[in-house]
4 protein chains.
Amino acid sequence: MQVTDGRSLAAQARRAQIVDAAIEVIAAAGFAQCSFGRIAKHAGLSSTRLISYHFEDKSELIQAVVDTVLGEATRYVQPRIAAAADRRAALAAYVTSNLEFVRDHPTRVRALVEIFAGARNDDRLTTSDTPRAVAIEFFRAGQQEGVFRRFDPEVMATVLRAAIDAVAMRPDVDHAAYAVELVELFDRVTRADPAPDTGAPRPAHADPGAEPQHPRRAADRGTERTGR
Amino acid sequence: MQVTDGRSLAAQARRAQIVDAAIEVIAAAGFAQCSFGRIAKHAGLSSTRLISYHFEDKSELIQAVVDTVLGEATRYVQPRIAAAADRRAALAAYVTSNLEFVRDHPTRVRALVEIFAGARNDDRLTTSDTPRAVAIEFFRAGQQEGVFRRFDPEVMATVLRAAIDAVAMRPDVDHAAYAVELVELFDRVTRADPAPDTGAPRPAHADPGAEPQHPRRAADRGTERTGR
Amino acid sequence: MQVTDGRSLAAQARRAQIVDAAIEVIAAAGFAQCSFGRIAKHAGLSSTRLISYHFEDKSELIQAVVDTVLGEATRYVQPRIAAAADRRAALAAYVTSNLEFVRDHPTRVRALVEIFAGARNDDRLTTSDTPRAVAIEFFRAGQQEGVFRRFDPEVMATVLRAAIDAVAMRPDVDHAAYAVELVELFDRVTRADPAPDTGAPRPAHADPGAEPQHPRRAADRGTERTGR
Amino acid sequence: MQVTDGRSLAAQARRAQIVDAAIEVIAAAGFAQCSFGRIAKHAGLSSTRLISYHFEDKSELIQAVVDTVLGEATRYVQPRIAAAADRRAALAAYVTSNLEFVRDHPTRVRALVEIFAGARNDDRLTTSDTPRAVAIEFFRAGQQEGVFRRFDPEVMATVLRAAIDAVAMRPDVDHAAYAVELVELFDRVTRADPAPDTGAPRPAHADPGAEPQHPRRAADRGTERTGR
DNA sequence: TATGAATGAGTGTTCATTCAT
DNA sequence: GATGAATGAACACTCATTCAT
């Protein structure tokens, strides 16, 4: 009975099996219909007792589903962001790799979205590192670097996550095309305005007092755009 | 016993009372927890029988909720869109009035979003005129007029609706600020690129009143689009 | 407001309409599923209140169904029996006309059979002149005339009624063929044995002390049989 | 936890207890009134939950009732038929043993008849080997052997079954007398007519042991039948 | 580690009936 | 003569959970 993280290997395998069954049930029938009975039937277990044996209660099972899928997604997306040459490429990588993960694991992502949509506060889901929070931080950093224009990072993060999650719920979507569109969309809407070549006053919403944008980098981006 | 639309006034009032109670229950506890029992308790009814007396079915009640809220929203938003000077102003009016409706009726919108998120296909909700479909048509028309750049109208509509609906689920949001941000965001991301041949400076916000859209220019942009 | 039997013509018509609807519901869905709600829906009534207005309670409605159909059947069958030349022809007429009535009014007979099969003692159905009682009397009379052999009239009546009622529940049956078979069957099984041409003792079950059978009539029947 | 047929002994006992209670409720109150609540009360169970725990469905419970009683009846009747010297004796044994079973287990047979009368097609009862089908086959075989006269086996089987089932619904009946009558009745109505060419006297009851059936005679009767 | 048995609360829905016009 | 509104009881069924091995 080898033990890691306080659980034997057999128990870990059982938990994983149950989590997988739960994911499939949720994705197929929705969070509301995800009962121990359904999961047990889907997993071929003789009784629901096996589930309540391995999980303290239902919310612990749901928590395990969230942690599992979120972990997988993070392990897929993060290195692709880290490999990006600069922050704008990172944004593109973020969108692209997220949509790739959705494409490759539609069931798991659907389950996640269903849970986030259906769970209530009293279900006591703890998601310390919610994707939205990560995105907010990402945009804030980009703005401090002067790569992104001035906008409310929370709003933009909300829109970004909503746009990605929406794909998971539309099974008919062409992921590749959607990805191209979304990359273009968020590139347009986040990029800093080009430095005005005349002395004309800047548009009101760009705060002149903020970190000035490096002309060189802006120019780079300009040509980059032209080349597309 | 005056009768409109085939139902007595008393019955209409009861139905409205029940629909309102259902909305509040759904917004507070979620679609999954919206049972006749909860609704009856919330509305102070003596038994759930009163609900099944006035509604054939649970799905008929949910349908009534959807029709009610969707009707209210449409009656609020549509005249504001119609009053806009041109399509880009209409887009701003769309975003703004939608967010105003969310701000003024957060409970009702939350209920609607919960239903759309939680309902499955076999719940047979009939929403002939789903908001997303309306938005798709809106963007398509704007592209034909040459006011919007080339993008996939379905993707854009998905993002637009997702962005608006997301607000309803975040009760802490500053609606006014959010509205300003979203207007700016969707203006940037939809507007047609400036004609590349003139070096003339372009105002950051194209004032629709100052620069009337001529069919000819729309045609120009058309060729421009073709060149991509 | 003309009145017969204590009820106005309009009320009589309504009652008949409701009775007809009840018959169709019972025949189609069974006695157990025959609820006021179903009847009202089938008859196109806006509420069940109309039914409970015209009938004291459910058992009165069922009683009305029984009386109606039983009356119709009696009015069809009785003259045909009365027109028969002798009792054996009357038996044939009984079987034949009963099956004709079943053929022509399958729905009504089905309803009747469903009621008799499904009703319990506490449903307080009063059928003073039940078909089985009539048949018992018929066989008893035939035996006294010496036309029928010795058998238990109750058993024979039970079998006769069961055989006829069974047809109503088998919608695929060829009524004409069934009628021919049943006539032959009950003729064979009821007819008095031919007078033994030897002095051999009669079979045990024929009580020699009972009314002697008229040789002439028995002979008639014998030739009649031979001619078939 | 010994296990037979995939169920523990305890579970089998519980199921049997519930089935027995269901039988008694159905026989006493009718199929329509057979609810989980009534069964639970009759069996002294604390809640209906115990029933739905041991049976997937109400229809599974009813199916269990049918299988149980039909199995018992078959196990009683079949060896008695098999022990009969010839087919006519088998017919007598069929009637007699059926009525004996009815006499000894009136409640169980009543329940069975109630179910068959009250169940509808959508109750999806699977009775592959319905008693009527067995009877049809029995008569067909007897005709091929030349033991039975020409008649429609389906009609005869319908009458036979209806006659037997009717007894179960008449609690006041003298089973022994009824059995004697029915045996006589179906013997008379099924037996082949005597060959018309010989003037030899024919015993009222053909003793099967005395007059062995020769294939040749069967052929004779075959042509005789063709002549009708 | 696993599991069969049991359970009370709650689901939507149907029922015949009563009340008040 | 007709009807809309209301109601308590019962229906089969599902739920997560506890008990006892």
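Because only heavy atoms are used, hydrogens play no part in the values below, and waters and symmetry mates are left out as well, while side chains stay in. Since the model is a prediction, treat every value here as computed from it, not as a measurement. We name chains A, B, ... by the order of the sequence lines, and we start the count at 1 in each one.
- By the 4.5 Å heavy-atom criterion applied to side chains, D:His105 and D:Val69 are not counted as neighbours.
- Residues C:Arg108 and C:Asp20 form a side-chain contact, since some pair of their non-hydrogen atoms from C-beta on lies under 4.5 Å apart.
- What separates NZ of B:Lys41 from C1' of E:dA9 is a distance of 11 Å, to the nearest Å.
- With sequence neighbours left out, the side-chain contact (heavy atoms from CB on, under 4.5 Å) criterion links A:Ala117 to B:Ala117.
- For the pair C:Ser47 and F:dA5, the criterion of a side-chain N or O lying under 4.0 Å from OP1 or OP2 is not met.
- Here C:Arg14 does not reach the OP1 or OP2 of F:dG1: none of its side-chain N or O atoms lies under 4.0 Å away.
- A straight line from CG of B:Leu45 to P of F:dA6 spans 9 Å, rounded to a whole angstrom.
- Under the 3.5 Å distance criterion, the side-chain polar atoms of A:Asp57 are matched with a main-chain donor or acceptor of A:Glu60.
- Atom CD1 of B:Ile39 is separated from atom C1' of E:dT11 by 12 Å (rounded to the nearest Å).
- Between the CZ atom of B:Arg15 and the C1' atom of F:dA5 there is a distance of 14 Å, rounded to whole Å.
- Atom CG of C:Leu9 is separated from atom P of F:dG1 by 10 Å (rounded to the nearest Å).
- OP1 or OP2 of F:dA6 lies within a sub-4.0 Å distance of a side-chain N or O belonging to B:His54.
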With B for base contact, S for sugar-phosphate-only contact and - for none (protein heavy atoms under 4.0 Å), nucleotides 15-21 of chain F reads BBBBBB-

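- Partners of C:His54 according to the ring-ring contact (aromatic ring centres under 6.0 Å, His included) rule, which considers only residues two or more places apart in sequence or in another chain, do not exist here.
- Residues C:Ile26 and C:Ile62 are in side-chain contact: their nearest non-hydrogen atoms beyond the backbone lie under 4.5 Å apart.
- Rounded to whole angstrom, the span from the CD1 atom of A:Ile51 across to the P atom of E:dT1 amounts to 17 Å.
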Please tabulate, for side-chain N and O atoms in residues 33-44 of chain C, each donor-acceptor pair with protein atoms closer than 3.5 Å (sequence neighbours left out).
from	atom 1	to	atom 2	distance (Å)
C:Ser35	OG	C:Arg38	N	3.2
C:Arg38	NE	C:Gln33	O	3.3
C:His42	NE2	C:Glu24	OE1	2.6

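- For A:Arg49, there are no salt bridge (charged side-chain N to carboxylate O under 4.0 Å, His left out) partners two or more places apart in sequence or in a different chain.
- Inter-axis angle, ends of the helix from E:dA2-F:dT21 to E:dT21-F:dA2, five pairs per end, rounded to 10 degrees: 20°.
- Atom-to-atom, CZ of B:Phe31 to P of E:dT11 comes out at 14 Å; the value is rounded to the nearest Å.
- Annotation: side chain of A:Tyr53 is not in contact with side chain of A:Ile18 (no heavy-atom distance under 4.5 Å).
- Here B:Tyr53 reaches the OP1 or OP2 of F:dA5: one of its side-chain N or O atoms lies under 4.0 Å away.
- Here F:dA2 is the nucleotide among F:dG1, F:dA2, F:dA5 with the atom lying nearest to any side-chain atom of C:Leu50.
- E:dT1 and F:dA20 have their P atoms separated by 22 Å, given to the nearest Å.
- B:Arg7 has its CZ atom 14 Å from the C1' atom of F:dA5, to the nearest Å.
- For C:Ser46 and F:dG4, the shortest distance from a side-chain N or O to OP1 or OP2 is below 4.0 Å.
- Side chains of A:Gln17 and A:Arg14: a donor on one and an acceptor on the other come within 3.5 Å.
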